[in-house]
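Report on the following structure.
Within every chain, numbering begins at 1; the chains are lettered A, B, ... in the order of the sequence lines, protein sequences first and strands thereafter. Keep in mind that the numbers below use all heavy atoms, side chains included, and drop hydrogens, waters and symmetry copies.
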There are 2 protein chains.
Amino acid sequence: MKNGIKVGLVEDQHLFRDGIKAILSAWQDIEIIFEAGEGFSVVQTLLQSEQVPDVMLVDLSLPPNGSTPYSGEQLTIDLTATFPEMKVLILSGHQDEKFIIRLIEAGAHGYLVKDSDPLEVYQAIVTAYEKGAYINERALMAIQQNIGKKTKEIFRSDTDLTWRELEVLELICRQHTAEEIGEKLFISVKTVNGHRSNLLLKTASRNVAGLVMYAVKNGLVNI
Amino acid sequence: MKNGIKVGLVEDQHLFRDGIKAILSAWQDIEIIFEAGEGFSVVQTLLQSEQVPDVMLVDLSLPPNGSTPYSGEQLTIDLTATFPEMKVLILSGHQDEKFIIRLIEAGAHGYLVKDSDPLEVYQAIVTAYEKGAYINERALMAIQQNIGKKTKEIFRSDTDLTWRELEVLELICRQHTAEEIGEKLFISVKTVNGHRSNLLLKTASRNVAGLVMYAVKNGLVNI
DNA sequence: TTTTGATTAGGTATTTATACCTTATTTTAC
DNA sequence: GTAAAATAAGGTATAAATACCTAATCAAAA
């Protein structure tokens with residue numbers, strides 16, 4: 001247990017969390033010293049803790065916890081800003097390659113889909129710790145395809161939608177009302193409706209059905 | 001290992017699968033004899049196998065595999081029809097209570113969210129095996145709330161949509177309003193709204209966005 | 001033959017979406 | 001440094017969707 005790689009784990013699904021712990025316990029050079037079920041309090045907790053993980057596994061789709069949405073992306077930004085030595089590995093349920101770029105821009109050092117082989121998780125941890133990053137073949141290809149463009153331009157180039165509009169569109173597809181979207185994004189219902197109006201204009205849609213179809217056609221939402 | 005409860009596991013996320021296996025291996029009276037990453041071939045495989053699980057853990061959100069969507073709900077229906085002695089426990093990522101009713105109608109013997117305590121999974125397996133069902137507090141509440149309301153209709157409702165409902169769904173996806181749909185199909189707006197209500201019920205959707213997503217997921221509309 | 005399910009149609013009420021405006025602040029681009 | 005775009009927020013409407021009822025007709029299945 002001594003001098004092993006100190007690993008942290010932020011994952012809302014309790015079972016999954018324990019599962020990963022069980023899997024990783026097979027390797028003596030890995031030691032899980034931190035875990036959390038939501039992202040909001042992680043940085044604060046670590047700042048008051050005497051030891052900080054070398055490698056942090058972060059679930060990309062951390063759900064809004066009560067009234068405070070705190071995504072894996074935001075946690076990645078905050079973690080890498082606060083602990084520059086820490087390596088952040090993203091665990092993603094959906095393998096939408098577009099997210100990889102966003103997460104890497106946010107500071108992530110690696111990207112794993114949850115459907116990965118357990119061995120790959122171990123390898124990712126060790127590689128990220130020793131070499132500073134773990135990029136597998138799939139992630140590499142996604143990066144290569146989008147190289148040269150900057151993150152936000154990726155979205156704008158093939159969709160013409162802004163960042164905020166994409167966020168709203170995603171939530172519309174997930175069946176949320178304008179009011180709920182406003183609560184999730186901390187903006188007024190009026191603003192949400194403004195974004196939706198722009199979405200309808202830009203996508204040449206008549207209503208939500210058109211928006212959802214557009215999102216699906218352009219791969220902007222995970223089916 | 002002998003005379004333990006034979007457990008099967010159908011879960012597309014490899015890590016999660018191995019995690020559950022690792023967790024359940026702590027109990028000697030449980031033996032995992034079957035696992036699969038998708039649902040489509042499960043029944044066929046089991047029919048050709050010499051031993052069949054007593055309890056099967058099924059991921060509710062099995063993704064469409066290639067061109068053949070095969071949900072956890074459908075797998076539950078097929079499993080309980082083919083192996084009447086088998087107990088099916090649903091693992092659900094989202095705790096949408098509406099699904100509980102549908103899954104129970106499909107033949108499930110228990111419903112667990114993935115955010116459950118590991119101990120609860122073990123207890124659910126044993127209880128389902130010994131007593132035939134495992135209903136926890138949350139599931140019970142969901143059932144109680146819906147009983148007497150639309151429950152009967154939900155129970156009666158097939159996952160399958162009728163021909164007319166499919167026509168309406170198609171036109172909804174094409175951005176038509178209820179009034180337009182009525183004109184196209186030569187029926188009253190009221191009738192269209194009736195069909196849409198049934199569609200919302202059958203697909204467990206909140207609004208058109210959910211209907212469109214359902215249609216896309218199940219290949220009911222050309223993207 | 002009885003029953004069930006599909007389709008049709010209506011009422012009433014509420015909620016949500018959509019259209020069309022204006023304005024201010026901040027970010028980004030040139 | 002200025003211009004343009006993105007973001008936020010508001011008002012005032014109407015249109016559409018959704019919820020929750022009932023009920024008639026017809027065809028198919030039991």
Verify, without hydrogens or angle tests, whether [X] (side chain) and [Y] (backbone) share a donor-acceptor contact under 3.5 angstrom.
X	Y	value
A/T80	A/T76	yes
B/T191	B/I187	no
B/S205	B/N207	no
A/S49	A/T45	no

For the pair made of [atom1] in [X] and [atom2] in [N], what is the distance, rounded to whole Å?
X	N	atom1	atom2	value
B/L185	C/dT8	CG	C1'	12 Å
A/I181	D/dA9	CD1	C1'	16 Å
B/L201	D/dA19	CG	C1'	11 Å
B/E165	C/dA6	CD	P	7 Å

Checklist entry - Taking protein heavy atoms under 4.0 Å as touching, what does nucleotides 9-20 of chain C look like 5' to 3' if B marks base contact, S marks sugar-phosphate-only contact and - marks none? => result BBBB----SBS-
Next on the checklist: Between A/E179 and A/K184, does any side-chain N to carboxylate O distance fall below 4.0 Å?
Outcome noted: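 Between A/K184 and A/E179 there is no salt bridge, as every charged N stays at least 4.0 Å from the carboxylate O atoms.
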Checklist entry - Can a salt bridge be assigned to the pair B/R174 and B/E180 using a cut-off of 4.0 Å between side-chain N and carboxylate O? => result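 Salt bridge absent between B/R174 and B/E180.
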Next on the checklist: Categorize A/H195 for me: base, sugar-phosphate, or nothing, with a 4.0 angstrom heavy-atom threshold over every strand shown.
Outcome noted: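 Sugar-phosphate contact only.
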